Amino acid sequence: MGGTQGPPAPATPLLIACALGIERLALRTGRAGGTSGPVSVIRTGMGPRAAESAVLRALARDGAAGAAVIASGFCAGLAPGMHPGDLVVADETRDGAAVTVCTGTGVLVDALTRAVPGRTVHTGPLTGSGHVVRGPERAGLRATGAIAVDMESAATLRTALRTGPRPVAAVRVVVDAPEHELVRIGTVRGGISAFRVLRAVLPAFHEWHRSLLLPRR
């Protein structure tokens, strides 16, 4: 007789954090994909402090302690030639002197290329800011080597790791860029394009999530 098997190992939860209601709407109504565990999409509110508080609350819930975390939503592109609707996959996030290295960047790039064909995927440092970045300030951030900026990703990932080791990543959709600066999200073509791209990324997030459970060789 065969030995008695124990219960299956619990699936790793996935927590997706975004700041704005329009971002959460896109992520919750986009195409689904096969998951490897429970998935939550939370709206943190704008700014680093709001992101910190919301992520701490979310990871303190029952069953969320070991969750993998993805920061997502819109961002401002810093590199010349970027366009609304381009994707940014961070290899690291920067928050003042703190640097957070992201997990599985290559897996995400490949998955996003399949999920959103025809869209350019940029990889590099994603820097944090406490305010919306406009005009000449972009050039200063670009000079540091960053390719994009947003207000919440760095704080989200830094806070997630502060609560314990876990896989973390940041994927953003460019909503404005040096040659395509927007005044208000959703009122011009660039904002609509970015919203549509954000709706398409969820299968790539699920593929990244599944890859975390594969045995390492």
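Side chains are part of it too, since the values below use all heavy atoms of this structure and drop only hydrogens, waters and symmetry mates. Owing to the predicted nature of the structure, the values given are computational and were not obtained by experimental measurement. Positions are given from 1, in the same order as the sequence printed here.
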According to a hydrophobic-cluster definition based on side-chain heavy atoms being under 4.5 Å apart (Ile, Leu, Val, Met, Phe, Trp, Tyr only), do L198 and I70 belong together?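 Yes, it is one cluster - the side chains of L198 and I70 are joined through contacts under 4.5 Å.
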Determine whether L126 and M82 fall in the same hydrophobic cluster, where Ile, Leu, Val, Met, Phe, Trp and Tyr are linked whenever their side-chain heavy atoms lie under 4.5 Å apart.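 No, separate clusters.
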Using side-chain contact (heavy atoms from CB on, under 4.5 Å) as the criterion, point out the one residue from [options] that pairs with [X].
X    : options         : result
H209 : I16, L14, V107  : L14
V197 : L112, D86, V116 : V116
P125 : V149, V99, D91  : D91

So, [X] side chain and [Y] main chain: donor-acceptor pair closer than 3.5 Å or not?
X    : Y    : answer
W208 : T105 : no
T144 : L141 : yes
R142 : A146 : yes
H83  : G81  : yes
T44  : A50  : no
E152 : G47  : yes
R166 : A67  : yes
D150 : S153 : yes
R172 : F74  : yes
T163 : A160 : yes

Among Ile, Leu, Val, Met, Phe, Trp and Tyr joined by side-chain contacts under 4.5 Å, find the other residues sharing a cluster with I42 and list them by chain and number.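 Traced through the cluster, I42 reaches L15, V55, L59, V69, L157, L161, V168.
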Taking the basic N atoms (NZ, or NE/NH1/NH2) and the acidic carboxylate oxygens, is any pair closer than 4.0 Å for R43 and E23?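 E23 and R43: not salt-bridged.
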Are T12 and L212 packed together at the side-chain level, in the sense that at least one heavy-atom pair is separated by less than 4.5 angstrom?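 Not in contact.
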Going by the rule side-chain hydrogen bond (donor to acceptor under 3.5 Å, both in side chains), which residues pair with R94 if we only count those two or more places apart in sequence or in a different chain?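 Here the qualifying residues are E92.
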Any residue meeting salt bridge (Lys or Arg N to Asp or Glu O under 4.0 Å) with D110, in chain and number order, not counting sequence neighbours: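 In terms of salt bridge (Lys or Arg N to Asp or Glu O under 4.0 Å), with neighbours along the sequence ignored, D110 is linked to no residue.
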